[in-house]
Engineer: 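Below you will find the structure I want to go over with you.
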Amino acid sequence: VVTYNALIDGLCKMGEVQRACSILEEMFHKGCVPNIITYNSLIDGYCKVGNTIAARAVLQDMVAKGCQPDVLSYNILISGLCKANEIQSACDILEEMMICCTPDAVTYNTLLDGLFKGKRIKEAHILLEKMIAHCYFSDVVPYTILLGALCKADKIDDAQVLLQHMIRNGVEPDVVSYNTLINGLCKAKRSDDAFAMLKMMTDRGCLPNVITYNTMIYGLHTAQKPSESHALF
RNA sequence: ACUUUGCGUC
């Protein structure tokens, strides 16, 4: 099963759900019983190609085959629905999952991000309050989701304040947090601040990655400051 | 190294 699962997951990640399904058939023929991981990979595979209908069908199907979905199964589906902009369905699935399992930090992180990206700001804030009350803000991911939401709302200064806030609360920003801010600063044409952020991350021991540099280069060019990109080398 | 959440280009 493990070998088949690895294969199915790999195909799903490449967007080859169709081929993953033929592997599933092969498993059945060889008398190899798919487990929850097999189904979770398939749900994710359908979500990745935007086929949320099929993703939901896999969930139904696993139940029919006596395989009870777990938190991950629902998290994967909720993430897919959010990415497909089916925010309401994602909220509905949350209700549904609570019947049989307990949503975890990933569930809430996913939904928070989906609500912000889906411009459902009011609901996002309600969820945000609940997450704060339940101590979910002890992790870098929810903070980074907020940083991104602030940047996209052109509240870069608030995002900078939040960065200080998380550090004070003992949550160390990671490369994604910094990249999010650098992107926001570049889009706001604040290249000096973007360079300052790059310096700050390295000073704090966070290594820039390829996305950091792509963001800087692309940002500086669109800000009509291509000459400054030399400073990156 | 069997499955899920946050970042850039496309």
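So that the names make sense, note that chain A is the first sequence line, chain B the second, and so on, each numbered from 1.
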Engineer: In whole Å, what is the span from the OH atom of Tyr4(A) to the P atom of C2(B)?
Structural biologist: 18 Å

Engineer: I need the minimum non-hydrogen distance between Met201(A) and Pro208(A), along with the two atoms involved.
Structural biologist: CE-CA, 3.7 Å

Engineer: Output the single nucleotide from U5(B), C2(B), U9(B) whose closest atom is nearest the side chain of Val106(A).
Structural biologist: U5(B)

Engineer: Classify the nucleic acid contact of Val1(A) as base, sugar-phosphate or nothing, counting any heavy atom under 4.0 Å across all strands shown.
Structural biologist: nothing

Engineer: Output the single nucleotide from C7(B), U3(B), U5(B) whose closest atom is nearest the side chain of Thr180(A).
Structural biologist: C7(B)

Engineer: Classify the ring geometry between His165(A) and Tyr143(A) as parallel (under 30°), tilted (30 to 60°) or perpendicular (over 60°).
Structural biologist: tilted

Engineer: Would you kindly say whether Asn183(A) and Thr180(A) are connected by a side-chain donor-acceptor distance under 3.5 Å?
Structural biologist: no

Engineer: Can you tell whether the side chains of Asp157(A) and Arg190(A) come within less than 4.0 Å, N to carboxylate O?
Structural biologist: yes

Engineer: Measure CG/Leu146(A) against P/G6(B) and give the value in whole Å, please.
Structural biologist: 14 Å

Engineer: To the nearest Å, give me how far apart CG (Leu77(A)) and P (U5(B)) are.
Structural biologist: 13 Å

Engineer: At 4.0 Å (heavy atoms only), tell me whether Ile145(A) reaches a base, stays on the sugar-phosphate, or touches nothing.
Structural biologist: sugar-phosphate

Engineer: Can you tell me how far C1' of C7(B) sits from CE of Met197(A), to the nearest Å?
Structural biologist: 13 Å

Engineer: Select base, sugar-phosphate, or nothing to describe what Thr212(A) touches, counting heavy atoms under 4.0 Å on all strands.
Structural biologist: nothing

Engineer: When you measure from the side chain of Tyr218(A), which nucleotide among C10(B), U5(B), U3(B) comes out closest?
Structural biologist: C10(B)

Engineer: With a non-hydrogen cut-off below 4.0 angstrom, is Lys48(A) in contact with a base, only sugar-phosphate, or nothing?
Structural biologist: nothing

Engineer: What nucleic acid atoms does Asn35(A) come within less than 4.0 Å of, heavy atoms only: base, sugar-phosphate, or nothing?
Structural biologist: nothing

Engineer: In this structure, how many angstroms lie between the C1' atom of U9(B) and the CD1 atom of Ile182(A), rounded?
Structural biologist: 15 Å

Engineer: Write down the distance between CG (Asp9(A)) and C1' (U3(B)), rounded to a whole number of angstrom.
Structural biologist: 6 Å

Engineer: Could you tell me how far apart Leu94(A) (CG) and U4(B) (C1') are, to the nearest whole angstrom?
Structural biologist: 15 Å

Engineer: Between Met131(A) and Asn109(A), is any pair of side-chain heavy atoms under 4.5 Å apart?
Structural biologist: yes

Engineer: Side chain of Lys117(A): nearest nucleotide among U3(B), U5(B), G6(B)?
Structural biologist: G6(B)

Engineer: Would you indicate, yes or no, if C7(B) has its OP1 or OP2 atom less than 4.0 angstrom from a side-chain nitrogen or oxygen of Lys187(A)?
Structural biologist: no

Engineer: Using the side-chain heavy atoms of Asn5(A), tell me which of these nucleotides is nearest: G6(B), C2(B), U3(B).
Structural biologist: C2(B)

Engineer: Between C2(B), U4(B), G6(B), which one does the side chain of Thr144(A) approach most closely?
Structural biologist: G6(B)

Engineer: Any base atoms under 4.0 Å from Ile76(A), or only sugar-phosphate, or nothing? Heavy atoms, all strands.
Structural biologist: sugar-phosphate

Engineer: Using whole Å, what does the distance between atom C1' of nucleotide U3(B) and atom OH of Tyr46(A) come to?
Structural biologist: 16 Å

Engineer: Side chain of Ser41(A) only, please: which of U3(B), U5(B), G6(B) is the nearest?
Structural biologist: U3(B)

Engineer: Does a side-chain N or O of Lys83(A) approach OP1 or OP2 of G6(B) to a distance below 4.0 Å, or not?
Structural biologist: yes

Engineer: Name the orientation class of the two ring planes belonging to His125(A) and Phe116(A) (parallel below 30°, tilted from 30 to 60°, perpendicular beyond 60°).
Structural biologist: perpendicular

